[in-house]
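Throughout, residue positions are numbered sequentially from 1 according to the sequence presented. Computed over heavy atoms, backbone and side chain alike; hydrogens, waters and symmetry mates excluded.
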Amino acid sequence: QVHLIESGGGLVQAGGSLRLSCATSTRTFGNRAMGWFRQVPGKEREFVGSISGSGTTEYYADSVKGRFTISRDNATNTLYLQMNRLEPEDTAIYYCAARSFTYPSKTRAAFDYWGQGTQVTVSS
């Protein structure tokens with residue numbers, strides 16, 4: 001079992017920045033691709049970004065490309081999502097997810113473990 005705990009969400013004005021973190025105690029963190037997804041009430045959970053176990057490959061949703069950056073620190077078992085130039089449309093609950101494989105994916109079903117989520121609210 002892999003436990004994931006997100007933090008760093010909050011309220012920010014449009015154009016501002018936030019940095020989300022996802023902590024895990026699993027010893028297999030470096031062997032797992034990780035991802036960020038987000039969800040608003042009444043909509044499907046959507047892909048935001050994912051990163052390979054080594055950190056050398058990253059994927060992004062078109063809606064966040066150039067504004068968000070996913071990164072990881074395998075020494076501290078922590079995943080990050082740096083979010084810049086935030087827009088009201090970015091308002092959602094953001095979830096951290098882990099795969100049982102090292103290569104990243106854009107597909108929700110490819111991820112086996114999920115955190116509880118952290119709320120991000122962007123005001124206009």
Side-chain angles (χ1 to χ4, degrees):
Q1 190 73 4
V2 176
H3 296 285
L4 305 170
I5 302 174
E6 302 96 336
S7 62
L11 174 63
V12 63
Q13 287 189 330
S17 299
L18 279 176
R19 188 194 198 198
L20 305 183
S21 299
C22 174
T24 177
S25 60
T26 178
R27 289 174 291 179
T28 61
F29 181 75
N31 296 328
R32 297 181 180 275
M34 300 293 294
W36 288 99
F37 289 74
R38 64 188 183 186
Q39 188 171 22
V40 298
K43 291 191 175 182
E44 294 286 317
R45 191 171 297 187
E46 66 173 9
F47 170 75
V48 174
S50 64
I51 187 168
S52 62
S54 63
T56 56
T57 302
E58 300 165 24
Y59 295 153
Y60 294 97
D62 288 342
S63 59
V64 307
K65 202 171 294 183
R67 299 188 299 122
F68 291 9
T69 302
I70 190 170
S71 62
R72 63 191 297 157
D73 184 340
N74 287 351
T76 60
N77 293 347
T78 308
L79 176 73
Y80 300 100
L81 183 68
Q82 178 65 45
M83 304 186 294
N84 298 329
R85 291 184 281 136
L86 283 159
E87 303 168 354
E89 293 73 23
D90 296 316
T91 295
I93 298 174
Y94 283 70
Y95 295 91
C96 168
R99 294 201 71 198
S100 296
F101 299 94
T102 191
Y103 46 91
S105 173
K106 299 181 180 181
T107 305
R108 177 182 174 181
F111 290 82
D112 304 297
Y113 302 98
W114 295 84
Q116 294 300 306
T118 186
Q119 176 72 48
V120 172
T121 303
V122 184
S123 63
S124 57

**Message:** A side-chain contact here means heavy atoms from C-beta on lying under 4.5 Å apart; do Ile5 and His3 qualify?
**Reply:** no

**Candidate pair Asp90 and Arg67, rule side chain to side chain contact (heavy atoms under 4.5 Å, CB included), full reasoning** = CA-CA 11 Å; Asp90 296 316; Arg67 299 188 299 122; 2.8 Å; yes

**Fill in**
Output for pair (Ser21 OG, Gln82 CD), nearest 0.5 Å, gives 9.5 Å

**Asked** Would Leu20 and Val12 show up in the same hydrophobic cluster when neighbours are defined by side-chain heavy atoms closer than 4.5 Å?
**Response** yes

**Message:** Has Tyr95 got a side-chain atom pairing as donor or acceptor with Glu6's backbone, closer than 3.5 angstrom?
**Reply:** no

**Message:** Quick check on Gln116: does its CD atom have over 12 non-hydrogen neighbours (other residues, nucleotides or ligands) under 6.0 Å away?
**Reply:** no

**Request:** Using a 4.5 Å cut-off on heavy atoms from C-beta on, say whether the side chain of Gln119 contacts that of Thr91.
**Result:** yes

**Request:** Heavy atoms only: give me the nearest Val120-Gly9 pair and the separation to one decimal.
**Result:** CG2-CA, 4.2 Å

**Request:** Return yes if some donor-acceptor pair links the side-chain N/O of Asn77 with the main-chain N/O of Phe29 below 3.5 Å, else return no.
**Result:** no

**Prompt:** Are Arg38 and Val64 close enough that some pair of their side-chain heavy atoms sits under 4.5 Å apart?
**Reply:** yes

**Complete:** Shortest non-hydrogen pair, Ile51 vs Ser71, comes out as CD1-CA, 3.8 Å

**Request:** Decide yes or no for Arg32 and Val2: does some side-chain heavy atom of the first lie under 4.5 Å from some side-chain heavy atom of the second?
**Result:** yes

**Request:** Determine the minimum heavy-atom distance between Ser105 and Ser50, stating which atoms define it.
**Result:** O-OG, 2.9 Å

**Request:** Could you tell me whether a side-chain N or O of Ser52 sits under 3.5 Å from a main-chain N or O of Tyr103, the two making a donor and an acceptor?
**Result:** no

**Request:** Please lay out, stage by stage, how Met83 and Leu81 fare under the test side chain to side chain contact (heavy atoms under 4.5 Å, CB included).
**Result:** CA-CA 6 Å; Met83 304 186 294; Leu81 183 68; 3.8 Å; yes

**Prompt:** Is the side chain of Arg99 donor-acceptor paired with the backbone N or O of Ala110 at a distance under 3.5 Å, no angle test?
**Reply:** yes

**Asked** Judged by modelled atom types alone, do Glu58 and Tyr60 share a side-chain donor-acceptor pair under 3.5 Å?
**Response** yes

**Prompt:** Is there a side-chain contact between Leu79 and Ile70, using heavy atoms and a 4.5 Å cut-off?
**Reply:** yes

**Request:** Check Met34 against Cys22 and note the closest heavy-atom contact, atom names and distance.
**Result:** CE-SG, 4.5 Å

**Asked** Between Thr57 and Pro104, which heavy-atom pair has the shortest distance, and what is it?
**Response** CG2-CG, 3.9 Å

**Request:** Go through the side-chain N and O atoms of Asn84 and Ser17 and say whether any donor and acceptor fall under 3.5 Å apart.
**Result:** yes

**Prompt:** Taking atom CZ of Phe101 as the centre, does the number of heavy atoms from other residues, nucleotides or ligands within less than 6.0 Å exceed 12?
**Reply:** no

**Prompt:** Are Phe47 and Tyr94 connected in the hydrophobic side-chain network, where two residues link if heavy atoms are under 4.5 Å apart?
**Reply:** no

**Request:** Would you kindly say whether Thr24 and Thr26 are connected by a side-chain donor-acceptor distance under 3.5 Å?
**Result:** no

**Donor-acceptor contact below 3.5 Å, side chain Trp36 vs main chain Tyr80** = yes

**Message:** Do Tyr113 and Ser100 have side chains that approach each other closer than 4.5 Å (heavy atoms only, starting at C-beta)?
**Reply:** yes

**Item:** Residues Phe111, Phe37; criterion ring pair (Phe, Tyr, Trp, His ring centres under 6.0 Å); working and verdict
**Value:** CA-CA 10 Å; Phe111 290 82; Phe37 289 74; 5.2 Å; yes

**Item:** Donor-acceptor pair, side chain of Asn74 and main chain of Gly53, under 3.5 angstrom
**Value:** yes

